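Read the structure below first, then the notes.
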2 protein chains.
Amino acid sequence: MNEHIILHTAFRLFTTHGIQAYTMDDIASQLAISKKTLYRFFTSRHDLVQQVCKQVAADYHQDMEEADKTGEGNLRRILAYMAVNVEFCKKTSPAFFTDLQKHYPAENVALTDKLDSVIEPRLLKVLEQGIVEGVFRGSLHPRLIVSLIQQHLKKDFEFAAELVNDYSKEEVFRQAQYLFLYGIIAAEAIPQLEIELSKYSLANRLEHTEKNETF
Amino acid sequence: MNEHIILHTAFRLFTTHGIQAYTMDDIASQLAISKKTLYRFFTSRHDLVQQVCKQVAADYHQDMEEADKTGEGNLRRILAYMAVNVEFCKKTSPAFFTDLQKHYPAENVALTDKLDSVIEPRLLKVLEQGIVEGVFRGSLHPRLIVSLIQQHLKKDFEFAAELVNDYSKEEVFRQAQYLFLYGIIAAEAIPQLEIELSKYSLANRLEHTEKNETF
DNA sequence: AATAAAATCGACCAAAAATGTCGAATAGTC
DNA sequence: GACTATTCGACATTTTTGGTCGATTTTATT
């Protein structure tokens with residue numbers, strides 16, 4: 001047994017079903033080890049939660065750096081950033097953040113700040129450059145828009161989880177992101193946007209038809 | 001404040017996020033009342049859980065009786081029963097049942113038995129009649145099939161919740177039900193089945209196109 | 001308006017559950 | 001076979017939560 005396996009398991013449990021849903025006993029029995037062993041690698045529950053938060057931030061950061069490598073064009077770039085957010089929303093339960101906020105407030109602000117600091121400069125840069133490039137409306141106030149989208153992201157994230165019974169989280173979140181995109185896109189760039197979106201849409205539609213064709 | 005409002009709220013919270021996720025304080029504050037008031041209407045937490053279980057069973061029973069009113073044909077009838085199950089799966093979190101099993105075992109068996117006793121005779125009747133009618137394969141052993149489908153229902157129910165990040169629960173559960181339908185349908189009745197299914201499918205596809213047309 | 005009755009609040013207590021600890025037991029190594 | 005490293009699960013301590021009670025507010029009545 002090593003700390004990586006434990007951390008990985010805790011990460012998975014915490015991010016998918018929330019922190020309070022699992023006691024230290026639960027985690028130990030999930031790993032088929034004793035609590036003693038668990039406490040050999042993590043000095044306390046608090047410690048474990050901190051490490052998981054660190055991992056969440058690191059993963060998000062890494063995904064964003066991956067998205068930075070997206071080829072030319074600020075439109076494509078922003079779509080790539082959004083795809084990362086969709087993925088994050090899909091795999092992370094809001095319960096993780098509500099538990100964090102309630103029981104580990106310090107870690108919550110630290111993580112939230114960290115995540116913000118990852119997305120904020122990227123959005124700002126891509127917006128400013130995109131306005132110059134002419135794909136986003138010139139009347140936009142980049143700093144303000146970045147703040148707004150960050151607020152919206154958090155709300156959409158919670159909302160997607162609420163609607164989980166009727167739609168997949170991905171669907172909800174993606175719709176919200178499209179709404180945002182059409183809000184900032186320059187009129188001249190709409191055809192370009194629709195070409196880019198059709199790639200995602202096509203992938204989606206293929207999935208659906210595939211499914212529907214089974215009967 | 002009255003007991004119906006309390007019960008309704010507890011029902012919603014328990015069935016959507018599980019029982020252990022909410023303390024009596026949580027429920028009280030959710031209703032913006034004090035615990036004292038809560039305990040005026042329900043003698044204990046156990047009592048409240050029991051009442052919620054009773055309500056779950058009653059709702060399911062009522063929905064099934066509604067499905068009984070479906071017009072002619074055993075195929076339509078079984079589709080109506082399945083629609084009830086899809087609805088039930090959609091709005092009920094498996095956490096509700098796992099919490100029940102762990103912390104209120106007596107209520108769990110009572111509720112499970114009750115739900116089984118609602119679906120069992122209906123499926124048995126519709127299968128037996130459907131075989132005579134010729135819409136289901138004659139080689140089926142109705143009693144055995146009923147037992148099997150009941151087992152499958154429970155598994156699918158849990159599974160749908162696991163896949164919740166990728167697909168909507170409805171989609172998963174409906175696919176599972178189709179699988180079952182094609183398993184029991186008589187070859188001659190397949191066209192009839194597909195006509196019936198296309199009604200649902202059409203409704204689904206309309207939804208999807210509607211959504212996709214927004215961009 | 002005064003009084004009685006009913007309902008509500010939130011601090012409080014006791015019981016239950018969770019975190020974190022420790023000596024005993026086990027497995028591996030020389 | 002003795003020594004070391006690691007694991008176990010029972011146990012003590014802390015935290016949380018179910019349930020209670022007197023004080024207080026609200027409502028109804030005269």
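Per chain, numbering begins at 1; letters A, B, ... match sequence-line order. All figures in this text were calculated on a predicted structure; none of them were measured in a lab.
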Indicate, yes or no, whether a donor-acceptor pair under 3.5 Å links the base of C:dG20 to the side chain of A:Lys35.
yes

Rounded to the nearest angstrom, tell me the gap between atom [atom1] in [X] and atom [atom2] in [N].
X	N	atom1	atom2	value
A:Lys36	C:dC22	NZ	P	7 Å
A:Met24	D:dG9	CE	C1'	16 Å
B:Asp25	C:dA17	CG	C1'	15 Å
A:Ile27	C:dT19	CD1	C1'	11 Å
B:Ile6	C:dA7	CD1	C1'	12 Å
A:Leu38	C:dA18	CG	C1'	13 Å
A:His103	D:dT16	NE2	P	8 Å
A:Arg40	D:dG9	CZ	P	16 Å

Taking only side-chain N and O atoms of A:Arg45, does any of them lie within less than 4.0 angstrom of OP1 or OP2 on C:dG20?
no

For C:dC9, take OP1 and OP2 only and decide whether either is under 4.0 Å from a side-chain N or O of B:Ser34.
yes

Please determine, for the side chain of B:Tyr39, which listed nucleotide (D:dG19, C:dT8, C:dT21) has the closest atom?
D:dG19

Do the side chains of [Y] and [X] get nearer than 4.5 Å, heavy atoms only?
X	Y	result
B:Asn2	B:Ile5	yes
B:Thr112	B:Leu100	no
A:His17	A:Ser93	no
B:Phe173	B:Met82	no
B:Leu48	B:Phe11	no

Just call it for A:Ser44: base, sugar-phosphate, or nothing, with non-hydrogen atoms closer than 4.0 Å on any strand.
sugar-phosphate

Which part of the nucleic acid, if any, lies within contact of A:Ala28, taking any heavy atom under 4.0 Å across all strands shown: a base, the sugar-phosphate backbone alone, or nothing?
nothing

Per nearest nucleotide of DNA chain C, the residue lying toward the 5' end, B:Ala32 or B:Lys102, is B:Ala32

